[in-house]
Amino acid sequence: MASLARRKALSVSGYLHEGIVSRRAAVTAAAARSWRGFASSGSEENDVVVIGGGPGGYVAAIKAAQLGLKTTCIEKRGALGGTCLNVGCIPSKADLPLYISLSIYLYCMVCLPIHPFQALLHSSHMYHEATHAFSSHGIKFSQVEVDLPAMMAQKDKAVSNLTRGIEGLFKKNKVTYVKGYGKFISPSEISVDTPDGSTTVVKGKNVIIATGSDVKSLPGITIDEKKIVSSTGALALTEIPKKLVVIGAGYIGLEMGSVWKRLGSEITVVEFGPNIVPTMDFEIRKQFQRALEKQGMKFMLGTKVVGVDSSGDVMKLIVEPASGGEQSILEADIVLVSAGRVPYTAGLGLAEIGVETDKVGRIPVDERFETNVAGVYAIGDVIPGPMLAHKAEEDGVACVEFLAGKHGHVDYDLVPGVVYTHPEVASVGKTEDQVKESGVAYRVGKFPFMANSRAKAIDDAEGLVKIIAETETDKILGVHIMSPNAGELIHEAALALQYGASSEDIARTCHAHPTMSEAVKEAAMATYDKPIHI
């Protein structure tokens with residue numbers, strides 16, 4: 001049933017490549033002769049070769065080895081973990097920016113998350129709390145400082161430790177790790193240019209493409225990672241910019257913008273569309289934007305960046321209404337380009353072996369993650385679906401389960417999404433607009449954290465829980481949370497949706513008191529009946 005559901009979801013969403021099986025056979029037959037002409041290293045053939053050591057790739061490699069498949073993973077970066085661990089969600093959540101009085105320092109150390117990107121966001125939040133809220137809790141001090149070089153050094157240390165941890169998991173599970181840039185010379189052979197300048201050939205019965213994604217560029221704007229930066233450059237700034245302009249009001253732009261805002265930057269977010277985070281539930285989005293504005297972030301929605309003049313000490317952005325109109329100038333010390341990501345498949349030699357891509361560079365796959373070329377598979381950001389690390393991990397596990405003769409499954413409708421700001425926003429399932437469009441009769445239950453005892457006790461009660469359920473069956477269709485640690489609270493909802501639970505199921509489940517999770521229970525009570533505490 002799970003595989004059937006996934007095939008149906010792929011077909012409805014346009015993800016399932018029509019005719020992919022027949023074209024796979026045609027491509028394989030037509031090109032077989034030319035592929036046989038390449039020499040190989042003579043090494044023993046692998047059951048699985050994974051190109052890319054990011055969240056999808058390294059998880060796929062480990063799972064394949066656990067299932068008894070001889071596995072090799074090729075990673076060009078020389079450090080496992082991909083964008084997420086090295087220059088993405090992990091490092092931007094990992095640092096310790098507070099070098100202040102001992103009591104506050106210890107407080108931050110106790111609260112510091114392990115995940116590096118989480119830590120930078122968390123630490124910047126703690127700095128903001130130290131300068132804006134601690135006094136109301138009876139904590140007073142004479143001076144608070146941010147030591148940016150120490151912050152970045154801690155981030156690098158955290159990343160290094162985590163990448164070595166993955167290498168340790170490879171050794172434990174007997175995954176062969178090859179460092180270098182891989183390129184197809186046939187569907188079963190990968191030529192790898194290694195760091196020492198040599199070239200080797202890795203052979204595999206099945207090859208999984210897990211090369212992830214890259215920053216989407218914008219016309220007329222050249223990213224130099226110094227003044228005009230991607231998220232990579234934003235994690236390597238040597239000083240706190242006075243003025244930072246973020247192009248793009250999606251997850252990454254808002255997360256990075258909120259970090260530097262807390263550390264003292266003046267933030268302006270320029271978004272071409274009419275809304276921030278367009279995939280977010282409209283009601284939550286409205287409250288979320290209000291919360292960010294209250295923190296001092298400025299938004300220019302429905303605005304297009306025409307060009308950037310970076311010739312002077314201060315950059316000048318030329319902007320105009322998205323629908324056309326009078327141009328104006330924005331000044332900035334740093335410009336962060338965060339307008340989305342695109343699949344990274346450059347230099348892989350896909351065209352040479354006949355692997356098809358769509359107009360935006362994604363690789364169409366069937367329900368088993370196989371491309372139109374037999375024996376070549378793709379997962380993660382290079383295929384359709386959410387560009388999220390945890391989605392890539394699920395892809396990787398499902399793909400190798402199919403290769404091992406088992407059943408794999410990923411329901412893209414139930415992949416949680418989290419914006420790691422403060423407050424966080426997390427969601428799973430459908431938004432209210434999506435349910436309206438489907439024509440299904442529904443009910444909505446909401447509960448504000450202002451009425452939650454734990455949130456009130458810690459003086460962090462901004463946000464709410466919103467649950468959408470089908471009227472006739474009470475089946476939960478979507479859950480949206482804005483609160484501190486919403487990314488942790490959302491998984492109760494994810495499990496509920498996975499098993500087709502009703503709002504009454506959650507409402508009748510005992511939740512510990514006092515906890516933030518009680519707000520989920522109360523929202524469920526509000527959905528099918530009435531809440532108690534409001």
If we only count heavy atoms from C-beta on, is the Leu336 to Trp260 side-chain gap below 4.5 Å?
no
Any residue meeting side chain to side chain contact (heavy atoms under 4.5 Å, CB included) with Lys359, in chain and number order, not counting sequence neighbours
none
With sequence neighbours left out, the residues meeting side chain to side chain contact (heavy atoms under 4.5 Å, CB included) with Lys174 are none
Any side-chain heavy atom of Val365 within less than 4.5 Å of one from Tyr377?
no
Is the closest side-chain donor-acceptor distance between His511 and Glu492 under 3.5 Å?
yes
Ring-plane angle category for Phe170 and Tyr177, please: parallel below 30°, perpendicular beyond 60°, tilted otherwise.
perpendicular
So do the side chains of Glu356 and Thr371 get within less than 4.5 Å of each other, counting heavy atoms only?
no
Side-chain heavy-atom pair Glu424, Val418 within 4.5 angstrom cut-off:
yes
salt_bridge(Asp47, Lys70) N-O dist < 4.0 Å
no
Test item: Cys399 and Ile208 side chains (from C-beta on) under 4.5 Å apart, heavy atoms
yes
Closest non-hydrogen atoms of Leu464 and Phe449, given as atom of the first, atom of the second and distance, are N-CD1, 3.5 Å
Phe282 six-ring face occupied by Lys466 cation (under 6.0 Å, within 45°):
yes
Heavy-atom pair with the smallest gap, counting every atom of Val246 and Gly257
CG2-CA, 4.3 Å
Pairs touching residues 384-394 that satisfy side-chain hydrogen bond (donor to acceptor under 3.5 Å, both in side chains), sequence neighbours left out
Lys391-Asp395
Is the closest side-chain donor-acceptor distance between Tyr58 and Glu75 under 3.5 Å?
no
Side chain to side chain, Asp381 and Pro343, heavy atoms closer than 4.5 Å:
no
Between Asp196 and Ser198, do the side chains contain an N or O donor and an N or O acceptor separated by less than 3.5 Å?
yes
Taking all non-hydrogen atoms of both residues, which atom of Glu401 and which atom of His407 are closest, and how far apart?
OE1-O, 3.4 Å
